[in-house]
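Report on the structure given below.
For reference, positions follow the sequence shown, starting with 1.
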Amino acid sequence: MKATLGNTQPAQKNLRNFVGKLQPGLDELTSQTAIRNGGKLLLFLLLVASSLSAQPLRLLPQNPHYFQFKGKPTVLVGSGEHYGAVINQDFDYKTYLQTLGRDGLNITRVFTGAYFEKQGAFGIAKNTLAPSPDRLILPWSRSTQPGFALGGNKFDLNRWNDAYFTRLKDFMREAERNNVVVEITLFSSYYGAGWAHSPFNRDNNISYTDDINPLDVNTPNNGNILAFQEEYVRKIVRELNGFDNLYYEIQNEPWADLKDTVLTLNEYFPAEDMKTGQWRAALEVVAQRANDWQRRVAEWITEEEAKLPKKHLISQNIGNFRYPITDPDPNVSIFNFHYAHPEAVTMNYHLNKVIGFNETGFAGSNDHTYRRQAWRFMLAGGGLFNHLDYSFSVGAEQGQDTAYQAPGGGSPRLRQHFALLKQFLESLDLPRLRPDASLVKAAPGLMHTQTLTNQTNQFIVYAESVSPRTTELVLTLPRGTYTAQWMDTATGQIEQVENFTHGHGEKRVTFPKPLADMVLRIQKQ
């Protein structure tokens, strides 16, 4: 024992793996025999296990494409309101967070006050991010001077609003009680109209912020606004440092305001439509000066936490759809996409960080659309999926309102689908799970085949049938004896089970249902 503990480098390297494997049996080790023969060792391991489970959310050490939270490997899967739970005082966040926890989901996203909306924005009828002006609560106190664009007094950027931080921290505690991780989104693009009511706009504060071009706000060239932004970030980081259940996102959709490059995604899309702003047919890349500013914000977070007990992950919102990331910020551990394709994962898997899909929408309201998006992305190797769920609003904090008017979807049934996905993934060997394109040799009649394996005894294939006829997968498997189960991703029902022994050559497996989306789990005995 003395020799092992004396060599601390190998011990530290393997300790977490060892304790993770040991944790399920720790209760049994409290017998009198165990205590008599190894009581000190047991106490040491219990203390280590307790310490690991109390750490903030972090990347899974054995496989940084996933997370570790409360000492366990995990993925983050959610279906949440439109980011206004804290700044909108009419929103009952306790009921909301209890609903997420009860539904088996574990992530939500909140905007912390630098950006919010007014009613009617983006065609959302019940927008939690657009509170009544008299119910808006922000990090800064109101002054005695009238003139805020949405009504009421202007803001004083030199005075913090204690009531806001009380509400923010109570929200975090309630999320913690319900095992929900919170994405703390610090900034956002303004989409043109949003700057008019921003507290950083000199017309809305008494702090004499510089009068600048709105497109310069989230860049290093924003005059004295930069200093106010830095104080805001550092204040939130200090206030939230005691919580484990969070990570920071720098800016929501930075490419919406500033972009250097637009690539056509579909060469058959009419060129004249591209000129009128058809963003769904383009790949938009954030401007370099905006990216430089994001790095500055990440540095503020990192520098402030260097003086504090806990260190939290930082996320960067890269773009819509997919993009091969260049020159990644070393302070960033999560790279998030909106309306993401599975290729966003495969293009960036080499970064050995979590690739996330943290906003859905603009694809109708059918549950099956977003269910399939989630399975495609996560079975490609993604570690985070968060649906924008419009069934949550003020007065509908249990997410039961399916009569919403909004550019997306959401329903209790859809949240059940997402919970099933989360449960399925967490039943797998996450520490060793990797994508493996070689597993599927051919998939006639099937689309979006995504594959994961642990390279030894678990082989997973998600597939969507586009054929009205029976079809099959052609797989390459090592020799062995297997059990194969097909699960319907809509119901969770096991539709087909096959036990087989495989030798040399291809293995053909029949897809159970035409025009369905299903997941195949093959377990080697």
Geometric class of the Y191/F122 ring pair [parallel <30°, tilted 30-60°, perpendicular >60°]: perpendicular
CG (D134) with more than 12 external heavy atoms under 6.0 Å: yes
Residue list, salt bridge (Lys or Arg N to Asp or Glu O under 4.0 Å) with R322, at least two apart or on another chain: none
Pair Q68-T74, side-chain contact (heavy atoms from CB on, under 4.5 Å): steps then yes or no: CA-CA 6 Å; Q68 180 173 290; T74 192; over 6 Å; no
Salt bridge (charged side-chain N to carboxylate O under 4.0 Å, His left out) between K310 and D244, intermediate numbers included: CA-CA 8 Å; K310 296 187 177 184; D244 296 332; 2.7 Å; yes
Residue pairs passing the side chain to side chain donor-acceptor pair (under 3.5 Å) test where at least one lies in residues 115-126, sequence neighbours excluded: Y115-E117, E117-N127, K126-D401
side-chain contact (heavy atoms from CB on, under 4.5 Å) evaluation trace for V237 with W300: CA-CA 9 Å; V237 167; W300 296 338; over 6 Å; no
Parallel, tilted or perpendicular: rings of Y390 and H82 (30°, 60°): tilted
Aromatic contact, H312 with Y247 (centres under 6.0 Å): no
Aromatic ring pairing W140/F155, orientation class (parallel under 30°, perpendicular over 60°, tilted between): perpendicular
Derivation and outcome, side-chain hydrogen bond (donor to acceptor under 3.5 Å, both in side chains), residues Q416 and D103: CA-CA 7 Å; Q416 292 177 7; D103 287 347; over 6 Å; no
Worked check of ring-ring contact (aromatic ring centres under 6.0 Å, His included) between Y370 and W375: CA-CA 9 Å; Y370 301 105; W375 278 90; over 10 Å; no
Pair L388-F362, side-chain contact (heavy atoms from CB on, under 4.5 Å): steps then yes or no: CA-CA 10 Å; L388 180 45; F362 294 95; over 6 Å; no
Check: V217 main-chain N/O paired with N222 side-chain donor or acceptor under 3.5 Å: yes
Step-by-step salt bridge (charged side-chain N to carboxylate O under 4.0 Å, His left out) determination, D389 to R415: CA-CA 9 Å; D389 191 329; R415 294 194 295 276; 3.0 Å; yes
Value rounded to 0.5 Å, distance of CG in L428 from CG in L430: 6.5 Å
Within 45° cone and under 6.0 Å: K72 NZ/CZ vs F67 ring: no
Main-chain N/O of H387 paired to T360 side chain as donor or acceptor, under 3.5 Å: no
Derivation of the salt bridge (charged side-chain N to carboxylate O under 4.0 Å, His left out) call for R109 and E81: CA-CA 8 Å; R109 191 176 187 223; E81 59 85 28; over 6 Å; no
Aromatic ring pairing H197/F116, orientation class (parallel under 30°, perpendicular over 60°, tilted between): tilted
side-chain contact (heavy atoms from CB on, under 4.5 Å) assessment of E303 paired with R234: CA-CA 9 Å; E303 289 170 2; R234 291 180 183 273; 2.7 Å; yes
